[in-house]
Amino acid sequence: MSEESAPFNLEKTYHHQEVEDRWRSAHWEALGSFHAESGRVLAEGKTPYTVLMPPPNVTGSLTLGHVLNHTLQDIFIRYSRMTGKEALWLPGTDHAGIATQTVVEKKLRKEGISRHDLGRKAFLDHVWRWREEYGGLILRQLRRLGISCDWRRNLFTMDDRASEAVINAFTALYRDGLIYRGTRIINWCPVSQTALSDEEVIMKPRRDKLVYIRYALAKRPGEYITIATVRPETILADVAIAVNPTDPRYRDLVGELAVVPVAGRHIPVIADDYVDIEFGTGALKITPAHDPNDYEVARRHNLPVISVVGKDGRMTDQYGYAGMDRFDAREKILSDLEERGDLERVEEYEHNVGYSERADVVVEPYLSEQWFVRMKPLSERALQVVNDGEIRFHPPHWINTYRHWMENIQDWCISRQLWWGHRIPAWYDSDGRVWVASSYEEACHLAGTDKLVQDDDVLDTWFSSWLWPLTTLGWTGTHSDNDDLRAFYPTDTLVTGPDIIFFWVARMIMAGLYFKDAVPFRDVYFTSIIRDMKGRKLSKSLGNSPDPLKVIDTYGTDALRFTIIYIAPLGQDVLFGEEKCELGRNFATKLWNASRLVFMQREKWFGSLDEFESAYSGFSPDRTTFAFAEEHVLTARYHSMLDRYHTAFGQFRVNDIVRNVYEFFRGDFCDWYLEALKIYLSGISDADAARKAVLLSVHVLEGTLKILHPVMPFITDEIWHYIIKRPHGRSVALSSMPEAEKEWLGMDVSLLSHPRAIISEVRSLRSLFAVPSTSTAPLIIRAADAAAADLLAADSNIIAAMTKCDVQITASAEKPRHAAASVVEGNELFVQLEGLISFEKERARLQKEISNIASYAASLKKKLENSSFTANAPKDVVERERDKLSEAERNLEKLGNNLDVLAG
RNA sequence: GGGCGAUUAGCUCAGUUGGUUAGAGCGCUACCUUGACACGGUAGAGGUCAGAAGUUCGAAUCUUCUAUCGCCCA
C-alpha cells in the first residue's frame, strides 16, 4: 500500500500474480471474512444462504470442471454475502473408497507389499497416512481459485462426526426395513474386486463376435438347436435353453434335453416370454450366474445356478479352462468349439457393454450376497418435491432425466468389498444370524452374546455423500437438530454436474426428506460440461485437458474465472481453449487501466486524499449538477445494468451477468464516459464542477468493482482499496452491493444520447472518405430542435474532440457545398471536406443510403397500412413503427435535399 | 428403441414472455503509438438464423415433419 505522500494510484501495469498472491484465500481466511455464524441467523434474524460444496475426491487434483463449478458457487456465495445474507459455504472432501484404496495399494505394490500382507488395520493406517500427506492437495488448489468457504467447517466423509452419521443412518434404515441383505446378481469389478452400483457402470459400445453354437438334442440323434451368444465362455454354466412360447420354430422342442458342448451336461429346453424371437436364432442359452435376466428366468423355472467365472475374472470351471482369464477363455473355447464342429458361424456384432467407471474394465455380472437400500419407498417423495417445484432445477429440462430415473428406480447396492470406507455395522453370531447396531457393544446386547464377527464389507462412498447436507451441518443421527441445522438447513443452491444427478443429487434429496423431513436444498444449478476446442471431452489420456494452475499462472485467477463464466452458458457444453483466457486477462487489464485514469483525475482535482474522501463520502449522483450529456447517459445506463445484473442472478443466468457488466464497462464507461470526461476536464477552469464529474466516475467505478467482485475477487479487492484509504483488513467482499434505483431506471436518455450518435456518424463519414486523422474538418450541425441545439452546444467541445472536427452548431445554416452529409436523430450533419471528398463518391453514397432508407420506409409503410396489424398489435408496437417511419421519411427528405445540393 | 438437447457471421457463442434493418468475443480489412490502456482505440467487411410446411397482422423465437450432431436411459 502506498504512503500518504506518494501518489495514491495503481502501478502502471497490472501484475496479476503479485496482486493475487497478496489477496490469496489465506489472507481472507486469516481475517475470518467468510465465517458464517448460526447466531446471526437465529438471534439477529439475518437471512441465511447456504451452499454445499460437492466434496471433491481426496485423490483428485484440480480440473477445469472444478474451476467452473467452484467459481459458480463462489459467485453465488459472494453475491449473497454482499446482498446482506449470512452466507455459508461448506467445504469438504470425500474418501473415495475405490479410488483411494487403489492409489494406496499401487504405492504399496511398488514396495512389494499387498494389503493382505499388512492386514486390515495396518493397511488402513497406511491409507490415513497417505491422506494426511496428499489428501489436502485438491483443497489447496481450490484455495488458489480464491473461493470463499468457511474453511473452519471443512469436513471429510471419514471424520468421526460424519462416520457416526453414516452408521446411524444405516441402522435407522435397517430398523425401518429399508436396508436388507440379499443374494443378487450385481455388477462386479474384477480389478477392484468389489461390487458396484448400477450407476458406477458405464455402458460403452464394443465390437464383439456373436457366436452361433449347436447344442445336440439328447433324445434326437443328429438334431440340434442353435443359440447365439457373445459370451461363449459361459456356456459351461448353462442350465437351460429358452425359447419364446409363441415361436413356432421351436414349439415341439420345448421339454427336450440339450447337451452343452464341451461340458456335456444335459439341460432342458424351456419356454419363457423373456426370449426375443428376433434376436439371433430365437433360442437363448440361460446362464443364471452370469446374467441378471437369465437369473430371473432361472428363478421362474426353478433351475440351478452354476458359476464358472471367479472374482478375479478368471475361469473356475472343471472343463480345463480354470485359471484362464475370461477373455482368453473366450478365444480358447471358440477354437475348441470349432474343432468339435459345434460352431455354426460367427458374426461381427456391436453392442453395449458395461465397464467399471474407475478401473475401465468390463464389469462381470456376479452372483453374491450384498446389502441393498430399498429405493422405491424413498423415491416417491423425492419425485414429488421436484415435480411440485419445491426443488428447482436449472436448467429445468433435467427434471425429465430425474423423473425417469425415479420412476424406474432399482435397489441400491451399497456394500463394497473394500477396506477403505465405513464398515458395515452388522455383526454375525455363530448361527450366522445378523445383528445391525451402532456399535459392537450394542450388537452384543441385542444378540445376547459377545461372540460376534463384524461384516467385512464397507459402504459405498455415496452412502456417506448422500448425507452431506446433514453431516456438514453437524448432524450425526443421534439428535435431530442443532443451531447450525436450524439456521442453515435446508441449504439454498447446489452447483453440480449433471453426470452425478443419480449418484448424488437424487440420493441427497431422498436422505434429506427421510432423515430430516425436509428438502436438502432449493435450487440445483447444473453446470456445463467442458470440452476442448474440437468438442471432445477433456481427458488425461487424450492430453487435451489444460492444467488450471498453469492457466492461472499465465493469465491470472480472475482472468480464468471471468473467461470460464463468460463462455459457459446455462445448460450447454462449453468448448475451452487456454487462449480464450485472453478475454478475461484483457478485461482485467482494461479494468486496471480505466481505474488508473480515474485515480489520476482524482489526484489532479483534489488537493489530498482526505479532501477527496470527505467529498466522496457524501456523494450521490445528482442530475441537476451534471454538465455534459454523458453524465446522464452513464448514470442511467449504470442503473439499467444493475437492474439486469440482479435479475440475472435471480434467474441463475450467470452468463448474462458477466456479459452485461463487460459491455457496460467497456462501452458505456470507458469508450463513452471516460473519453468524454477527459475532454470535459481538459478544458475546464471551474474546479468545483470538475470535482463533481470526477466523483461520478469514482462512484460508478466503485459500483462496477462491487458487482464484478463475485466473478473477479482479486483485482476488485485490490482496486477497491484505492478508492479511499481503507485498512488492509477490510474487503470489498464484505461491502454491500449497489442497487438499481427506480428514478434512474425510468429516465429517458434518448435525447441525451444524441452526442454519441453524432460522434459515431461523423467518425464513420471521416473513415469512409479516408480523411487523414491528422486533419481537422469543419463540422456543421443543424440541430433537430431547440432542445437538441442547447444540448449539443453544451457538448460541443466533446463532440469536437471525439470527432476531430471544428464544430459549429446552428439553427439555419446554408447547406454547405463540398460536404459529406448525414442525418442523425433529426440532426443534420455536414462535414466539410473541401478537396478531400469526391463528389462522385458522395453522390453514390447518398444514393445508396437513400435507397436503403426508402426500401426500409416502404416496408414500414406497408406494415402500417395493413389494418390487421394496426388492429392486433399492441399500441406501443404500432406507435414505435410509426415513429420509425416518420424518422425514416424525415431522413429521406433531408438526404434528398443534400443530394440536390451536390447535383446542383 | 425411448427421452433430452443442439443446429444463428470464417471460428466459439448471445438473442429472457413472438414486435431489431439479427448481436458479441476471437479472427479478418483499413486507419491510429493521442498523457489510462496496442492485453488499446476508431471505422468496416461478413449471416436467405440447418431444411420444409404450418400458426400469426408479424417467426431466429411457437407447432409439426425432415436432416445432421451430441448426451442420457434401455
Side-chain angles (χ1 to χ4, degrees), chain A residues 9-10 12-14 16 198 202-203 352 395-405 408 498-499 501-502 529 531 533 535-537 555-556 559 563 566-577 579-601 604 644 647-648 651 653 655-656 659-660 662-663 666-667 670-671 674-675 677-678 682 759-774 801-804 852-853 855-857 859-860 862-874 876-881 884 888:
Chain A
N9 203 345
L10 304 163
K12 181 141 173 53
T13 47
Y14 176 55
H16 62 81
D198 296 341
I202 297 170
M203 302 305 284
N352 284 319
H397 66 77
W398 289 108
I399 292 173
N400 295 318
T401 305
Y402 178 85
R403 194 176 286 149
H404 183 261
W405 188 73
N408 298 283
D499 50 330
I501 188 165
F502 309 137
I529 291 166
R531 299 168 178 282
M533 293 303 281
R536 299 173 304 182
K537 266 193 174 168
Y555 295 97
T563 303
Y566 189 94
I567 65 176
L570 179 57
Q572 299 291 319
D573 290 353
V574 24
L575 308 193
F576 182 88
E579 333 65 72
K580 283 195 177 179
C581 288
E582 285 175 15
L583 173 74
R585 183 200 57 189
N586 296 353
F587 186 62
T589 308
K590 188 78 179 170
L591 186 61
W592 185 264
N593 287 317
S595 303
R596 282 188 66 231
L597 172 67
V598 169
F599 296 147
M600 276 169 69
Q601 296 295 356
K604 190 166 161 195
R644 283 195 301 274
T647 303
Q651 298 175 341
R653 301 175 65 89
N655 196 319
D656 285 0
R659 286 170 188 266
N660 178 36
Y662 182 88
E663 268 172 46
R666 288 196 91 116
C670 294
D671 296 344
L674 289 184
E675 290 304 323
L677 178 72
K678 278 194 288 193
S682 70
I759 290 163
S760 290
E761 182 64 16
V762 174
R763 284 169 168 174
S764 183
L765 288 172
R766 286 187 64 124
S767 163
L768 196 67
F769 289 104
V771 179
S773 57
T774 45
M802 288 177 80
T803 56
K804 201 157 178 27
N852 275 348
I853 300 178
S855 68
Y856 176 50
S859 77
L860 287 168
K862 196 177 156 200
K863 202 172 192 180
L864 285 161
E865 277 163 2
N866 182 346
S867 59
S868 46
F869 169 69
T870 45
N872 292 320
D876 58 313
V877 171
V878 177
E879 203 47 47
R880 228 179 300 149
E881 298 301 300
K884 285 185 204 163

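Below, read A as the first sequence line, B as the second, and so on, with proteins coming before strands; counting in each chain starts at 1.
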Could you tell me whether A/Asn352 contacts a base, only the sugar-phosphate backbone, or nothing, with contacts defined as non-hydrogen atoms closer than 4.0 Å? base

Heavy-atom donor-acceptor pair, A/Lys580 side chain to A/Leu575 backbone, under 3.5 Å: yes

Can a donor-acceptor pair be found, under 3.5 Å and without considering hydrogens, that links the side chain of A/Arg659 to the backbone of A/Tyr566? yes

Write down the partner of B/U61 under the Watson-Crick or G-U wobble criteria, each distance required to be under 3.5 Å. none

Any N or O donor-acceptor pair under 3.5 Å from the base of B/A36 to the side chain of A/Glu675? yes

Considering only the P atoms, how many Å lie between B/C4 and B/U63, rounded to the nearest integer? 12 Å

If you pin A/Tyr14 and A/Glu663 to their nearest nucleotides in RNA chain B, which one's is more 5'? A/Glu663

Do A/Thr589 side-chain and B/C39 base share a donor-acceptor contact under 3.5 Å? yes

Watson-Crick/G-U partner (both atom distances under 3.5 Å) of B/U29: B/A43

Suppose we define a pair by two distances each less than 3.5 Å, Watson-Crick or G-U wobble; what does B/C69 pair with here? B/G5

Any-strand Watson-Crick or G-U partner of B/C13, both distances under 3.5 Å: B/G23

Between A/Leu583 and A/Ser767, name the one whose nearest nucleotide on RNA chain B is closer to the 5' end. A/Leu583

When only distance counts, do a donor and an acceptor, one from the side chain of A/Lys12 and one from the base of B/A36, lie under 3.5 Å apart? no

